[in-house]
Amino acid sequence: MAENETYQALDFIREIVKADVESGKNDGRVHTRFPPEPNGYLHIGHAKAICLNFGLAEEYNGLTNLRFDDTNPTKEKDEYVEAIQDDIHWLGFDWAGRLYYASDYFDQLYEWAVELIKKGKAYVCDLTDEEMSEYRGANVFNEEGKRITPPGKNSPYRDRSVEENLDLFERMKNGEFPDGARTLRARIDMAHPNLIMRDPVMYRIMRKHHFRQGDKWLLYPTYDWTHGQSDSIEGITHSICDVSFEIHRPLYDWFLEALEIYHPRQYEFGRLNLTYTVLSKRYLRQLVEDGHVAGWDDPRLPTLRGMRRRGYTPEAIREFCRRIGISKSDGIVEIQNLEHCVREHLNKTAPRVMAVLDPIKVVITNYPEGQSEELDAINNPEDPNAGTRQVPFSRELYIERDDFMEDPPKKFFRLAPGREVRLRYAYFITCHEVVKNENGEIVELRCTYDPATRGGDAPDGRKVKATLHWVSAPHAARAEVRLYDYLFTREDPMNVPEGEDWKANLNPRSVVINREARLEPMLKDAEPGFRCQFERLGYFCKDPDSTPDTPVFNRTVALKDSWKKVQDKG
RNA sequence: UGGGGCGUAGACGAAUGGUAAAGUCACCGGUCUUUGGAACCGGAGUUUGUAGGUUCGACUCCUACCGCCCCAGCCA
């Protein structure tokens, strides 16, 4: 390895691909696919798979197909097809026109099924689903109520003649039998220790309208019968899926061998789990449908759409996927890893602005009434090319309520009676008077400023221990700010208190709406999706709910707060 | 129970028989700072699920055990 090359450890899948390419397998081609079922929205777990599949192809000058696995018309919709493509593009990947549907292969699959029947490797079975389960030896319990797995027994229809099978299968296609009356099954081994191999179903009768095939089909192929053959048709070299499909691999291989067609190889990696959230379509759907969140793009959701609306960047998500790596172990990644990647990217790219979330009025008593001025502010200290902007300053300002304490503890550096601090890009100010209402609440701070410190530096070299953000009261835009927090109160939402539902772990403060925020005026004109840092507070993203009068901002992620840590320690 | 997997610091994850185990997040301390941010420097922590075995030498090979996850849909 060259000296200036940094060592990048390969995960086990990349090791395999590397070895295959080097040995000339598949003529050195790398061709992957991402095969979502169009029955829901993509989430960050999918992002991991997308990054792996598309990333692998990029690394080896290969190709990646987008293939919709649309074999179950009861669940799939066009709406999801559009959204999934949109999300993959947003994440930063493209399939260059190689968009396919498993349903495009239904005719070929049907022919291959006929071929297997002729080879005596498939048969039409009349067992009901309960009977099939029983014959398979599934769901059997011993006296102690523990699950056992006795060998299955052959279906009484297993030995039908080829002719009869052909006839029945054709009539299944023609709609002569009611839904669920018969199935086509692979004839493998009813005593196989792997239940998947006990004569799995290849076709089921379903009189369902398919969103792409219309009413052409009355029987639909199962996942197992479809997936490997689709991979074969497309010339996929490495078919990557999550570990739950590992036990299906013998069947994947069996079909391909029985058909004697090109045989791609399946590899499995561990699916992603993240703390403080759920990552399964079933649970996400429940949250949306039961109204616990506002929709699939709710910023609290780990869906790609939700994270996009929240202000996460595709770069950050991709970097996160790179860092967590690929392995087969099933762990749970701390969400702080994701947040770190988001902060890291936004720190480099997000312009800084000033916004006061919990305003308290400050009157600069020695600043002329009715006067105002524009001050230069740096847009992003991390990016010299980001330039500067003008921020209005006047006699009446707002600062953050948290930035003042009447009786401050030793480690509190911010404003307090008699203390001087800096207003960012503006002046040093000193607090002289605290005005309270009849309830004893602070309503106003009366301060003086030092005109010599314009811009934030004292000519005499004196220092202050704190720099505060602020906005000019008469110029400020009033805004709604949505402060998001974790969706659940527990790292593992499924760790449920005795006798309660997992939704009992929902965080009641996962979003806190603030309508008192005051922003720099320029923020009114920003486009939805605009990402910025509210100095000293966090990263925020303008929400599409914004109106010309009321901008709405979502908190993407807070800045790290070491003062909070000091406080928490007491 | 059968079958398939997995077990390296709080979390993720390298190490493919050879200097008593990389990196990242989190954590702790410090420097710097017109963001108590960022950056930079430093620190702590595992002895590699357990017990045996092979070997000059094992996270890596073997045996047994333990724990966790997945399947038992005509879902994918």
Side-chain angles (χ1 to χ4, degrees), chain A residues 7 9-11 15 35-37 39 69 71-72 74-75 125 127-129 132-133 136-142 144 146-151 179-185 192-198 200-206 219-220 222-224 226-227 241-250 268 270 275 281 320 323-341 343-344 347-348 352 354 377-378 381-382 411-414 422-426 455-457 464-469 491 533-538 558-566:
Chain A
Y7 173 70
L10 295 181
D11 57 69
E15 292 282 9
E37 182 186 15
N39 71 340
D69 220 330
T71 59
N72 186 350
T74 63
K75 297 181 171 182
C125 181
L127 256 25
T128 64
D129 52 0
M132 195 181 293
S133 171
R136 230 203 290 270
N139 292 311
V140 181
F141 299 83
N142 65 14
E144 296 163 29
K146 285 184 179 170
R147 204 161 208 141
I148 55 169
T149 311
D179 283 12
R182 295 181 214 261
T183 56
L184 184 75
R185 293 227 260 166
H192 200 290
N194 179 352
L195 280 291
I196 298 288
M197 298 296 275
R198 320 252 262 220
V201 171
M202 295 165 63
Y203 280 96
R204 63 289 213 201
I205 301 173
M206 274 200 272
L219 76 180
Y220 288 94
T222 56
Y223 164 85
D224 284 308
T226 307
H227 205 86
C241 57
D242 78 69
V243 288
S244 63
F245 291 97
E246 197 153 18
I247 55 165
H248 293 247
R249 179 151 34 93
E268 310 85 12
T275 54
K281 277 186 193 169
F320 167 73
R323 289 190 191 204
I324 58 172
I326 299 292
S327 75
K328 289 183 79 159
S329 58
D330 56 332
I332 183 161
V333 176
E334 292 175 338
I335 200 164
Q336 286 78 3
N337 285 278
L338 213 205
E339 293 179 333
H340 172 83
C341 293
R343 286 194 190 98
E344 182 179 65
N347 176 48
K348 293 197 180 82
R352 317 282 129 124
M354 291 195 283
I378 292 167
E382 301 288 323
K411 288 178 177 168
F412 185 86
F413 305 146
R414 283 111 92 145
R422 170 168 42 230
L423 293 182
R424 181 146 232 225
Y425 301 128
D457 280 310
V464 287
K465 292 199 79 175
T467 300
L468 310 185
H469 60 277
E491 284 199 353
Q533 182 195 99
F534 289 177
E535 294 223 26
R536 303 208 303 136
L537 296 174
L559 248 30
K560 289 218 273 184
D561 187 350
S562 53
W563 163 237
K564 188 172 180 296
K565 262 182 196 172
V566 173

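Small disclaimer: the values here were computed from a predicted structure and weren't measured. Every chain is numbered from 1, with letters handed out A, B, ... down the list of sequences.
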Students often get this wrong, so: under 4.0 angstrom with heavy atoms, is [X] touching a base, only sugar-phosphate, or nothing?
X        : result
A:Thr226 : nothing
A:Lys146 : nothing
A:Thr71  : sugar-phosphate
A:Met132 : base
A:Lys281 : nothing
A:Glu535 : base
A:Asn194 : sugar-phosphate
A:Thr183 : base

Between B:rU24 and B:rA38 - P atom distance, rounded Å: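 Here B:rA38 and B:rU24 have their P atoms 16 Å from each other.
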Taking 5.5 Å and 30° as the limits, would you call A:Trp563 and the base of B:rG36 a stacked pair?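 A:Trp563 ring centre within cut-off of B:rG36 base, planes near parallel; stacks.
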[X] [atom1] to [N] [atom2], straight-line distance once rounded to whole Å:
X        : N      : atom1 : atom2 : value
A:Tyr203 : B:rC74 : OH    : C1'   : 14 Å
A:Arg352 : B:rG37 : CZ    : C1'   : 8 Å
A:Arg536 : B:rG37 : CZ    : C1'   : 10 Å
A:Leu338 : B:rA26 : CG    : C1'   : 14 Å
A:Glu491 : B:rC25 : CD    : P     : 18 Å
A:Lys465 : B:rC32 : NZ    : C1'   : 14 Å

Every protein N/O within reach of nucleotides 41-47 of chain B N/O, cut-off under 3.5 Å:
none

Dot-bracket assigned to RNA chain B with the 3.5 Å Watson-Crick/G-U criterion, [ ] for crossing and | for other-strand pairs, is .((((((..(((.....[....))).(((((.......))))).....(((((..]....))))))))))).....
Expected rows: protein N/O vs nucleotides 65-67 of chain B N/O, under 3.5 Å:
none

Parallel under 30°, tilted from 30 to 60°, perpendicular over 60°: which one fits the rings of A:Phe412 and A:Trp563?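 Ring orientation, 0 to 90° scale: perpendicular.
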What I want to find out is whether A:Glu37 reaches A:Lys75 closely enough, with some N-O distance under 4.0 Å, to be called a salt bridge. no
Pick out the pairs of N or O atoms, protein on one side and nucleotides 9-13 of chain B on the other, that lie under 3.5 Å.
| residue | atom | partner | partner atom | Å |
| --- | --- | --- | --- | --- |
| B:rG10 | N2 | A:Glu334 | OE1 | 2.6 |
| B:rA11 | O4' | A:Glu334 | OE2 | 3.1 |
| B:rA11 | O3' | A:Ile332 | O | 3.2 |
| B:rA11 | O2' | A:Ile332 | O | 2.8 |
| B:rA11 | O2' | A:Glu334 | N | 3.4 |
| B:rC12 | OP1 | A:Ile332 | N | 3.3 |
| B:rC12 | O2' | A:Ile324 | O | 2.8 |
| B:rG13 | OP1 | A:Ser327 | OG | 2.5 |
| B:rG13 | OP2 | A:Ser329 | OG | 3.1 |

Using atom types as modelled, flag every donor-acceptor pair under 3.5 Å from a side chain in residues 333-341 of chain A to any protein atom, sequence neighbours excluded.
| residue | atom | partner | partner atom | Å |
| --- | --- | --- | --- | --- |
| A:Asn337 | ND2 | A:Glu334 | O | 2.9 |
| A:Glu339 | OE1 | A:Tyr486 | OH | 3.2 |
| A:Glu339 | OE2 | A:Tyr486 | OH | 3.3 |

Locate the shortest heavy-atom distance separating A:Met354 from A:Arg424; write the atom from each residue and the value.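 Residues A:Met354 and A:Arg424, closest heavy atoms: CE-O, 3.9 Å.
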Pairing residues for A:Lys565 by the side chain to side chain contact (heavy atoms under 4.5 Å, CB included) criterion, not counting sequence neighbours: none
